[in-house]
Amino acid sequence: MKNGRVVLPNVKEGVQLLSLSNVYLAEDARRPEGPNIGSSGEHLTISFLSLNRAHLAERLCRSIAKEIPEFKGEVIAIDNGSTEEELARLRGVLETMPFRWRLLEMGSNLGVGRARNRTIKYVRTPWLMCYG
């Protein structure tokens, strides 16, 4: 115990300094669009899984379009074996979206982990966010 906190063996306690200038430490800090995901998310892919729940995908996509109207990244929908009707509904939802998107069909239910892992090879941006 140190200063009222439990400190595990082989763990060093350090002080964290916070500064707004830390942004300039990033290698990509001087890009015109800014560091990390970029000011409009141009370096970000948002990925989600879908399995017979196009209505949830629609809620997510409408939220992205509303809350990030200038989103320049990409959305990847991974279909994990939906019925043809749900797949058509999902495609219809995506076709109305103002951002770039792709629909990847896995053909069967691979489970959450395997489907997410398969997603990675399709990502074209340096940043990936898996939703849900």
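Here the structure is a predicted model, which means the values were calculated and not measured.
Ser82 is linked by a side-chain hydrogen bond (donor to acceptor under 3.5 Å, both in side chains) to Asp79, counting only residues two or more places apart in sequence or in another chain. With sequence neighbours left out, the salt bridge (Lys or Arg N to Asp or Glu O under 4.0 Å) criterion links Glu58 to Arg62, Arg89. Take Ala65 and apply the side-chain contact (heavy atoms from CB on, under 4.5 Å) test, not counting sequence neighbours, and it matches Met97, Pro98, Phe99. Here Thr125 pairs with Thr45 under the side-chain hydrogen bond (donor to acceptor under 3.5 Å, both in side chains) rule; sequence neighbours left out.
Hydrophobic clustering, defined by side-chain heavy atoms of Ile, Leu, Val, Met, Phe, Trp and Tyr closer than 4.5 Å, groups Leu110 together with Leu49, Ile76, Ile78, Leu104, Met106, Val112, Ile120, Tyr122, Val123, Leu128.
Residue Arg118 comes nearest to Lys121 through the heavy atom pair O-CG, 3.4 Å, listed as atom of the first residue, atom of the second, then distance.
Applying the salt bridge (charged side-chain N to carboxylate O under 4.0 Å, His left out) test to every pair with at least one member in residues 102-111, sequence neighbours left out, gives these pairs: Glu74-Arg102, Arg91-Glu105.
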Before giving the answer on side-chain contact (heavy atoms from CB on, under 4.5 Å), spell out for Asn117 and Arg114 the whole-Å C-alpha distance, their side-chain angles and the decisive distance to 0.1 Å. CA-CA 5 Å; Asn117 288 342; Arg114 280 181 49 203; 5.5 Å; no
I would like to know whether His43 and Asn36 meet side-chain contact (heavy atoms from CB on, under 4.5 Å); could you show each step before the answer? CA-CA 7 Å; His43 302 291; Asn36 300 322; over 6 Å; no
Checking Phe48 against Leu56 for the side-chain contact (heavy atoms from CB on, under 4.5 Å) test, could you report, in this order, the C-alpha distance in whole Å, the side-chain angles of both residues, the deciding distance, and whether it holds? CA-CA 10 Å; Phe48 67 88; Leu56 294 178; over 6 Å; no
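Hydrophobic clustering keeps Leu51 apart from Leu94 (ILVMFWY residues linked when any side-chain heavy atoms are closer than 4.5 Å, directly or through intermediates).
Leu60 CG to Ser50 OG: the interatomic distance, rounded to the nearest 0.5 Å, is 10.0 Å. Atom OG of residue Ser108 and atom CG of residue Asn80 lie 7.5 Å apart, to the nearest 0.5 angstrom.
Of the possible polar contacts, none joining the Glu70 side chain to the Ser40 backbone as a donor-acceptor pair under 3.5 Å is found. When atom types are taken as modelled, the side chain of Asn109 and the backbone of Gly111 share a donor-acceptor pair closer than 3.5 angstrom.
Heavy-atom neighbours of Trp101 CH2 from other residues, nucleotides or ligands within 6.0 Å: above the threshold of 12.
Side-chain contact between Arg100 and Val75: absent, with no pair of heavy atoms (C-beta onward) separated by less than 4.5 Å.
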